[in-house]
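Structure first, then comments.
Side-chain atoms are counted along with the backbone in the values below, which use heavy atoms only and exclude waters and symmetry mates.
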Amino acid sequence: MHMEYTCTALIESLLDALSVTYTRWGRTTCPSGAEVVYSGIAGGAHYTQVGGGTNYQCLPEEPIYDDINDAGVGSYMYNAEYEVTQFKASDVEIQDDVPCVVCRVKRKSSLLVVPARNVCPSNWRLEYAGYLMTAHHTHAHPMEFACMDRQPEAIPRSRSNTNGALFYFVGGRCSGHLPCAPYKHDVQLTCAVCTV
């Protein structure tokens, strides 16, 4: 019995050490079952610049700087804005700044972002579902695809139209590109963030 208890305790300890983290774009809280690592504001490179990073960043609300030196900088971080007129289930409007939160789920070992689906594969847990978003296809600066929560929030009093990093809905192009059945032309693609 003592050996069985020791093995059980060891397994529990190993399971407790497992976790995955993800960024929940457009929200300030994590879903039930996940803990907040930190919350912040979405940022990225300016949509008109041809250089710089190509991924959105969840910037902490309170940055910490090292000793300042005079080496200068070669790239810039800007706030991110919603560039869509309105989400169906939200009060978010165009030009609102985008919040974000980094979430941690214990006892999980894998994270998967599923494009074009708002449900997870069987045996996977849905952390959140939303819409696939990225920069506009005509902008000089490409950005990664991000899964924006389907019920996004905005940073209060942020509708300033500074046009830094921008989020647009992604739609499928099925005429000669994606198969028109089952994909629909110019319809907003969904996404799901899943763990197991």
Side-chain angles (χ1 to χ4, degrees), residues 21-31 36-63 73-103 111-118 127-175 177-178 183-193:
T21 58
Y22 61 88
T23 302
R24 188 178 191 189
W25 298 104
R27 296 293 292 212
T28 57
T29 59
C30 295
V36 173
V37 177
Y38 69 88
S39 59
I41 55 175
H46 198 277
Y47 78 102
T48 62
Q49 297 173 343
V50 295
T54 58
N55 56 335
Y56 295 104
Q57 294 290 310
C58 186
L59 301 165
E61 293 169 347
E62 297 290 332
V73 297
S75 192
Y76 299 98
M77 183 68 67
Y78 295 87
N79 65 308
E81 295 178 356
Y82 297 106
E83 285 295 310
V84 295
T85 52
Q86 191 168 2
F87 283 81
K88 290 180 182 176
S90 173
D91 292 332
V92 164
E93 293 186 23
I94 193 167
Q95 314 306 342
D96 281 341
D97 287 352
V98 180
C100 55
V101 61
V102 175
C103 305
L111 175 73
L112 174 67
V113 179
V114 181
R117 304 234 355 153
N118 57 12
E127 295 295 327
Y128 74 94
Y131 295 98
L132 205 58
M133 299 188 87
T134 191
H136 197 275
H137 70 95
T138 63
H139 289 169
H141 194 87
M143 294 296 279
E144 70 179 346
F145 291 99
C147 187
M148 182 68 64
D149 195 280
R150 71 166 48 131
Q151 294 181 307
E153 301 167 325
I155 294 175
R157 297 170 301 283
S158 66
R159 197 169 298 142
S160 58
N161 194 22
T162 55
N163 285 335
L166 305 174
F167 282 95
Y168 287 86
F169 288 120
V170 174
R173 288 289 174 148
C174 72
S175 50
H177 306 288
L178 292 172
Y183 285 90
K184 296 179 181 178
H185 193 73
D186 283 350
V187 174
Q188 298 159 356
L189 292 174
T190 57
C191 55
V193 175

Applying side-chain contact (heavy atoms from CB on, under 4.5 Å) to L111 and V193, what does each step give before you reach the verdict? CA-CA 7 Å; L111 175 73; V193 175; 3.7 Å; yes
Run T162 and N79 through side-chain contact (heavy atoms from CB on, under 4.5 Å) and show every step you take. CA-CA 8 Å; T162 55; N79 65 308; 3.0 Å; yes
Could you go step by step and tell me if Y128 and W25 meet the side-chain contact (heavy atoms from CB on, under 4.5 Å) rule? CA-CA 10 Å; Y128 74 94; W25 298 104; 3.9 Å; yes
Taking it one step at a time, do L166 and H136 satisfy side-chain contact (heavy atoms from CB on, under 4.5 Å)? CA-CA 8 Å; L166 305 174; H136 197 275; over 6 Å; no
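Interatomic distance, C191 SG to M148 CE, rounded to the nearest 0.5 Å: 9.0 Å. For the atom pair F167 CZ and D96 CG, the distance stands at 13.0 Å (nearest 0.5 Å). In this structure, SG in C100 is found 7.5 Å from CD1 in I155, a value given to the nearest 0.5 Å. Atom CD1 in I41 sits 9.5 Å away from atom CE in M77 (nearest 0.5 Å). From C103, atom SG reaches atom CZ of R27 across 10.0 Å, with rounding to the nearest 0.5 Å. Within the model, atoms CD of Q49 and NE2 of H141 stand 7.5 Å from one another, a figure rounded to the nearest 0.5 Å.
Side chain of S39 to backbone of T28: no donor-acceptor contact under 3.5 angstrom is found. For the pair R24 (side chain) and T29 (backbone), a donor-acceptor distance under 3.5 Å is present. Between the T23 side chain and the V102 main chain, no donor and acceptor come within less than 3.5 Å of each other. Y82 places a side-chain N or O within donor-acceptor distance of the main-chain N or O of E153, the cut-off being under 3.5 Å.
Within 6.0 Å of CG on N55 lie more than 12 heavy atoms contributed by other residues, nucleotides or ligands. For Y183, the OH atom is loosely surrounded, since the number of other residues' heavy atoms within 6.0 Å does not exceed 12.
Of all heavy-atom pairs spanning N163 and E81, the tightest one is N-OE2, 3.1 Å. Of all heavy-atom pairs spanning A154 and V92, the tightest one is N-CG2, 3.9 Å. The minimum heavy-atom distance between N118 and A129, with the atom names listed, is O-CB, 3.7 Å. The shortest non-hydrogen separation linking Y56 to T134 is OH-C, 3.3 Å. Closest of all the heavy-atom pairs between S75 and G52 is OG-CA, 3.4 Å. Across C30 and V101, no two heavy atoms sit closer than the pair SG-CG2, 3.8 Å.
Of the charged side-chain nitrogens involved, at least one lies within less than 4.0 Å of a carboxylate oxygen, so that D186 and R173 count as a salt-bridged pair.
Just one of M143, E83, Q188 meets the side-chain contact (heavy atoms from CB on, under 4.5 Å) condition when paired with Y168; it is E83.
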